[in-house]
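Report on the following structure.
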Protein chains: 2
Amino acid sequence: MHSISEENYIKAIYHLQDGQELVSTNEIAGKMNTKASSVTDMLKKLADKNLAEYIPYKGARLTKNGINCATQIIRKHRLWEVFLVEKLDFSWDEVHEIAEQLEHIQSRKLIDEIDKLLDYPKHDPHGDPIPDAQGNYEKTVKTPISQLENGQKGVLSGVLDTSTRFLQYLDKHNIELGTKIQLLEKEAFDGSCLIKTDLKELQISKSIADNLYLKLLK
Amino acid sequence: MHSISEENYIKAIYHLQDGQELVSTNEIAGKMNTKASSVTDMLKKLADKNLAEYIPYKGARLTKNGINCATQIIRKHRLWEVFLVEKLDFSWDEVHEIAEQLEHIQSRKLIDEIDKLLDYPKHDPHGDPIPDAQGNYEKTVKTPISQLENGQKGVLSGVLDTSTRFLQYLDKHNIELGTKIQLLEKEAFDGSCLIKTDLKELQISKSIADNLYLKLLK
DNA sequence: TCCTATTTTTAGACAAGCCTAAAAATTAAT
DNA sequence: ATTAATTTTTAGGCTTGTCTAAAAATAGGA
């Protein structure tokens, strides 16, 4: 259907266009680790195939077609991640790269069977929602710890950075999806935060507080 | 490591070189559905990478390196086939194309975990042996029904043709791997055979008799 | 052996995806 | 509003893997 390269661009645009109207060439180049000129080439191709609208010098956005395509790729990626963790003893910091390969396997039946095997999970191991076969998924409001008021609490339901280093840091401190976290105090001058889990209190830097997304509890 | 195209050539050469010393350019082109000139290009590249020996105008054979590579690809292909049949309710005639894609996924740990999940199967759904992590696999002697003497019997342990049509034909007649089959009588003039299973007697054409491989019982 | 048929290789072209360097358009700043 | 900085596009080139058409090598037959 579409080449792997096309699929990767579609996915990148989808993730970038969240909220924004148009995604710029440079933003896409940054995310894809390619040069702006390569992006321009690809945007023309995606526009030809009616997967994206492309306005020269302004940017691009996915068409309905492109969005469908993106959600199906994301569905595959996240289901494979769940599969790797649930069925094959991978840890949540090992699965991303392999899922990047597996998400391009073309077989509708395959991914639907994987979905069934896993009993139709709603979230991947990093807390991100999994689109169903029709591309629908639940969008819950998640707030980074750095934007909470002192005293507010919530359940960890997503991480922005999925690098091995960061996920292993969380493991070390027994923080995982579903962990209940309360912000005790935010330092005004450097944005670092003192947080509390059921197990202990922990001082975290602003960049970590930016990466931990909570579903708020009142 | 190696490109998908390289891997496909390596696999093709491996399957063709069974027995033969050198595999010809045309044979490879036939198997790969490409033109001879494309094969020549690739053989030069494989020789550069020390994956094949290439003697112009004579043919090619895999090096030790190439053979290792081939057995690892075959290992992946066959394990994925078992996975699809055992864990995802695929039938044995649906799995080949998907396994052609999955066999190129690069992750040593992934395939070893799949192997473990399946409890280290020795044969794929078509009866072909699965190489272990070191590339070793059992080579049993299998004889096509067309080469048996009248009265000889054996257990179906492999099929040559894995097309959907053929596998569905076997399903229809309740013939599967492990089915005990006896040759009652071979017609001299057209090579067709009358065979007997536990369930019934069946007249099969020579081409079908050529495709059904038995492990002999005495 | 010599001539023909087949096989294989070479030569040149093309598409996909990427790159660099230069030109054009846009944005920001004085 | 004009210039300077940034962003984006164009132009041209490279690699991989494919193709066609022509040339070269091999094999087969009389």
Side-chain angles (χ1 to χ4, degrees), chain A residues 1-14 16-17 20-62 65-66 69-70 73 100-101 103-106, chain B residues 1-14 16-17 20-62 65-66 69-70 73 100-101 103-106:
Chain A
M1 206 58 224
H2 309 119
S3 74
I4 290 176
S5 206
E6 284 166 356
E7 291 197 346
N8 285 332
Y9 275 94
I10 289 167
K11 196 174 47 144
I13 297 169
Y14 184 85
L16 290 168
Q17 90 184 348
Q20 296 178 57
E21 263 304 278
L22 287 170
V23 182
S24 79
T25 303
N26 256 0
E27 282 177 288
I28 299 169
K31 184 132 206 167
M32 299 279 304
N33 270 307
T34 57
K35 295 304 158 81
S37 56
S38 309
V39 175
T40 302
D41 287 349
M42 183 56 84
L43 291 181
K44 288 177 185 167
K45 197 199 300 186
L46 294 180
D48 280 349
K49 294 194 170 188
N50 192 30
L51 291 162
E53 266 180 88
Y54 167 51
I55 305 168
Y57 292 103
K58 296 300 177 185
R61 79 165 68 83
L62 295 180
N65 256 338
C69 183
I73 299 164
E100 291 273 298
Q101 297 183 64
E103 72 190 5
H104 300 295
I105 301 292
Q106 301 288 358
Chain B
M1 206 59 225
H2 310 120
S3 73
I4 288 176
S5 207
E6 285 167 355
E7 291 195 348
N8 285 333
Y9 275 95
I10 289 167
K11 197 173 47 142
I13 298 168
Y14 184 85
L16 290 168
Q17 88 183 352
Q20 296 177 54
E21 264 302 279
L22 287 170
V23 181
S24 79
T25 304
N26 257 359
E27 284 178 287
I28 299 169
K31 185 133 207 164
M32 299 278 304
N33 270 306
T34 57
K35 296 303 158 82
S37 55
S38 309
V39 175
T40 302
D41 287 349
M42 183 56 85
L43 291 181
K44 287 177 184 166
K45 197 199 299 187
L46 294 179
D48 281 350
K49 294 194 171 188
N50 193 30
L51 292 163
E53 265 179 89
Y54 167 51
I55 306 168
Y57 293 102
K58 296 299 177 186
R61 80 165 67 84
L62 294 180
N65 256 337
C69 185
I73 298 164
E100 291 275 296
Q101 297 182 62
E103 73 190 4
H104 300 295
I105 300 291
Q106 302 287 359

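Here is how names work: the chains are called A, B, and so on, in the same order as the sequence lines, proteins then strands, and each is numbered from 1. The figures that follow rest on heavy atoms only: side chains count, while hydrogens, waters and symmetry mates do not.
- A donor-acceptor distance shorter than 3.5 angstrom exists from the side chain of Q17(B) to the backbone of L62(B), with no hydrogens or angles considered.
- Taking atom OH of Y54(B) as the reference point, atom P of dT7(C) lies 16 Å away to the nearest angstrom.
- Nucleotide dT7(D) holds its P atom 16 Å from the CG atom of L43(A), rounded to whole Å.
- Looking at Q101(A), its side chain does come within 3.5 Å of a backbone N or O of Q106(B) through a donor-acceptor pair.
- Computed from coordinates, the I28(A) CD1 to dT7(D) C1' distance equals 13 Å when rounded to whole Å.
- Between dT8(D) and N26(A), a contact under 4.0 Å exists linking OP1 or OP2 to a side-chain N or O.
- The nearest whole Å value for the distance from the CG atom in D41(B) to the P atom in dG12(C) is 14 Å.
- For the pair I4(B) CD1 and dA16(C) P, the interatomic distance rounds to 17 Å; values are reported in whole Å.
- Taking the side chain as every heavy atom from C-beta outward, E100(B) and K11(B) approach each other to under 4.5 Å.
- In this structure, NZ of K58(B) is placed 14 Å from C1' of dA24(D), rounded to the nearest angstrom.
- For dT18(D), neither phosphate oxygen OP1 nor OP2 lies less than 4.0 angstrom from any side-chain nitrogen or oxygen of K35(B).
- Taking the charged nitrogens against the carboxylate oxygens, K58(A) and E53(A) have no contact shorter than 4.0 Å, which rules out a salt bridge.
- Using a 4.0 Å heavy-atom criterion, one finds that T25(A) contacts the sugar-phosphate atoms exclusively.
- In this model, no side-chain donor or acceptor of T40(A) finds a partner on the base of dT10(D) within 3.5 Å.
- Distance, Y57(B) OH to dA27(D) P: 12 Å, rounded to whole Å.
- The shortest distance between the side-chain N/O atoms of Y9(B) and the OP1/OP2 oxygens of dT18(D) is below 4.0 Å.
- Rounding to whole angstrom units, NE2 of residue H2(A) and P of dA16(C) are separated by 14 Å.
- Proximity of S5(B) to the phosphate of dT16(D): no side-chain N or O atom is located under 4.0 Å from OP1 or OP2.
- How far CD of E6(A) is from CD1 of I4(A): 10.5 Å, rounded to the nearest 0.5 Å.
- S38(B) comes within contact range of at least one nucleobase, with a heavy-atom separation under 4.0 Å.
- Within 3.5 Å, no donor on the side chain of S37(B) pairs with an acceptor on the base of dT8(C), nor the reverse.
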